[in-house]
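For reference, positions follow the sequence shown, starting with 1.
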Amino acid sequence: MTDEIRRAERARAQRIALAPPDTVTIPPTLRQLRYGWPLFWGHPSPDLLAWSRSIPLDGLPRGVLDALATLDEGTVTVAVASALTEAFADAAADTRLTSDVRDDCREYASRCRFSTAWLGDYANAVLAMHETDVHLGGTFDDCERWALMLTRTEFSYLGHQILRDGHDPQQPVHRAAMRERACQELLSEAEVTQFWAGIERTESRAALRDAVRGPVRDDTGTDPRDPDFDPLDLGDEAEGAPASGLQVVPPLTHLAETRGGARAEFRDVADRVLPVTPAPDPEAVHAALLRGAPWAPAFADAVAQAQVGAPYARLPNLLLVSEPGYGKTSLALAAGEILGLPTTLYSAAGVADGMFGGTSRAYHTGRASVPLQAVRRSGMGTALIVVDEADKGGTSDHNGSLASALLPFLERASAGRLYDPYLECEVDLSGVSYVLTANDLSRVPAPLRDRCRVIHVPRPGREHLPVLAPRIAARLCRERGMHPSEAVLDAAEMESLYAFWRSGSLRELTACVAVCLDSRAHGMRH
């Protein structure tokens, strides 16, 4: 597991832990407000009043007590809230008070400042934004930083609204909507920042290149006047540099040049940097997978997380487990299609040898490994291999075994320099991803289980029929050469599917949809 994947998984878990509720039954704390929690009753006036009545009064100075009494007796206004905020701020700076009381008053002042800003006070909105920014600089957790960035942008937007007289303090505060707007603003700023950062890097590199070019050759033998000289060129391994491609097959000059030999077979990919499939947007991938398979959110999460910070589209080693007919193979193939990866479906049922990993040309049936063949066919450095029915492979190792042949391919480090017996050289297959499927986890060899993330695919339910039935009908119509419009199922046909398909096997559902189409065609003939 890469550092990027670990970071994404930690951030996702922390986001779930810090996710604010839709409503609150008690006034939220300052920390909770900073992380996006809603106001008590969704309005700053009752929120501030309820919060002020919940704090302990022991040790508070007379000025604060008077301000609290004024708030408690009358209508909550901007002036009253500002006076309370200033009273807490003055108490926080009063050295005659104990350090504990001053610390409490400092926090209370910040808490009041938030409410006062939502009541329409511009100065406190700016101060709340500044305090959030200071707090942001003191945390290194990805999720906390993102939540605080949203809060900072939220108060910036609130301040603009107050200046433009567009903020009505009598209306409820919909923090979720404000933070969604803040999120869109941050994403737009990120696009502009990345765009100009790229331009600045290019111009800086060009300026430095011009500055170091001189009339003489240095002792290293590198001529700065050469047009290809780049003093800042760190190669493809530079941090943050996107992968431009992979050289999967090295030069094959060690092989004899024959018309039907291995050298001719791999001529199009040997000694070339092959293009890779760019890593897509994780959120778009997640949404697309859930639209097609809403019963398998864990699979959608795993595929989407793999794209976070990835140099190209790829998947972690996944092992999908379920009873027959739950759509495991379809899920794997759909992931390959959504990611844009050339996909090979390899059936492991009954395989009792290690030919998956390729065989030597010394044998009459010599051939390259299955992943290398996939790369040759597509001309891409990235691909997806779906090993179907991994629990049904042969158990004998007399002629080798599929499990043993798979192991080095599932280790990304070793896959980057695998010795291929057919080409008699090392190849880089680190861009190839693998998804295994199985009905019985106990029958999958332990070494394979250890190298894969096991995902148990749940049973599709009748609630998923509106998604499943039209998709199956469209596929059946394509296979039968029917017009796409004939794939539309009417209300009566959907009712029959609800009646005859209880839930579970997609094969059974496919049969039910086929009956609907056949019945329709039969009715048209008669």
Side-chain angles (χ1 to χ4, degrees), residues 245-246 248-249 262 265-266 268-270 272 274-280 285 289 292-293 299 302-303 306-307 310 312-320 327-359 365-394 400-412 414-416 418 420-423 427-438 444 448 451-453 455 475:
L246 291 172
V248 178
V249 182
E265 182 183 355
F266 282 84
D268 293 339
V269 296
R272 294 186 181 182
L274 303 182
V276 294
T277 305
V285 170
L289 287 171
F299 178 72
V303 175
Q307 313 316 310
Y312 43 77
R314 65 187 184 189
L315 288 170
N317 301 327
L318 298 178
L319 174 56
L320 307 183
K328 301 181 295 297
T329 306
S330 299
L331 284 175
L333 296 177
E337 181 178 355
I338 291 172
L339 296 178
L341 292 173
T343 303
T344 297
L345 179 60
Y346 182 88
S347 177
V351 175
D353 54 49
M355 294 183 67
F356 180 94
T359 57
T365 58
R367 64 181 182 184
S369 66
V370 171
L372 189 55
Q373 292 180 50
V375 169
R376 179 186 61 80
R377 287 193 301 269
S378 66
M380 298 284 293
T382 47
L384 172 62
I385 307 297
V386 179
V387 182
D388 202 26
E389 309 287 2
D391 55 334
K392 295 181 175 60
S401 67
L402 174 61
S404 298
L406 265 172
L407 295 181
F409 293 92
L410 299 181
E411 296 283 357
R412 199 174 298 277
S414 60
L418 274 175
D420 186 80
Y422 183 68
L423 296 183
V427 294
D428 182 359
L429 294 172
S430 59
V432 181
S433 301
Y434 302 88
V435 176
L436 286 63
T437 71
V444 178
L448 290 184
R451 287 164 174 79
C452 295
R453 175 179 174 181
I455 296 179
R475 177 172 58 81

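For the atom pair Leu331 CG and Leu289 CG, the distance stands at 8.0 Å (nearest 0.5 Å).
No donor-acceptor contact under 3.5 angstrom links the side chains of Ser347 and Asp388, judged on distance only. Side-chain atoms of Glu265 and Tyr422 form a donor-acceptor pair, as typed in the model, at a separation below 3.5 Å.
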Next item on the list: In sequence, state the C-alpha distance, the side-chain angles, and the governing distance for Leu319 and Leu448, and then conclude on side-chain contact (heavy atoms from CB on, under 4.5 Å).
Entry: CA-CA 9 Å; Leu319 174 56; Leu448 290 184; over 6 Å; no

Checklist line | Steps toward side-chain contact (heavy atoms from CB on, under 4.5 Å) verdict (Thr277, Leu339) | finding: CA-CA 8 Å; Thr277 305; Leu339 296 178; 5.7 Å; no

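The heavy-atom pair separating Asp428 from Ser430 by the smallest distance is OD1-OG, 2.7 Å. Heavy atoms only, all atoms of each residue included: Asp420 and Ser369 are closest at OD1-N, 3.6 Å. The two residues Ala405 and Gly357 make their nearest non-hydrogen contact at CB-N, 4.0 Å.
One N or O on the side chain of Asn317 and one on the backbone of Leu410 form a donor-acceptor pair closer than 3.5 Å. Under the 3.5 Å distance criterion, the side-chain polar atoms of Thr437 are matched with a main-chain donor or acceptor of Glu389.
The shortest distance between side-chain heavy atoms of Gln307 and Leu315 falls below 4.5 Å. Contact of the Pro342 side chain with the Met380 side chain is registered, since non-hydrogen atoms from C-beta on lie closer than 4.5 Å.
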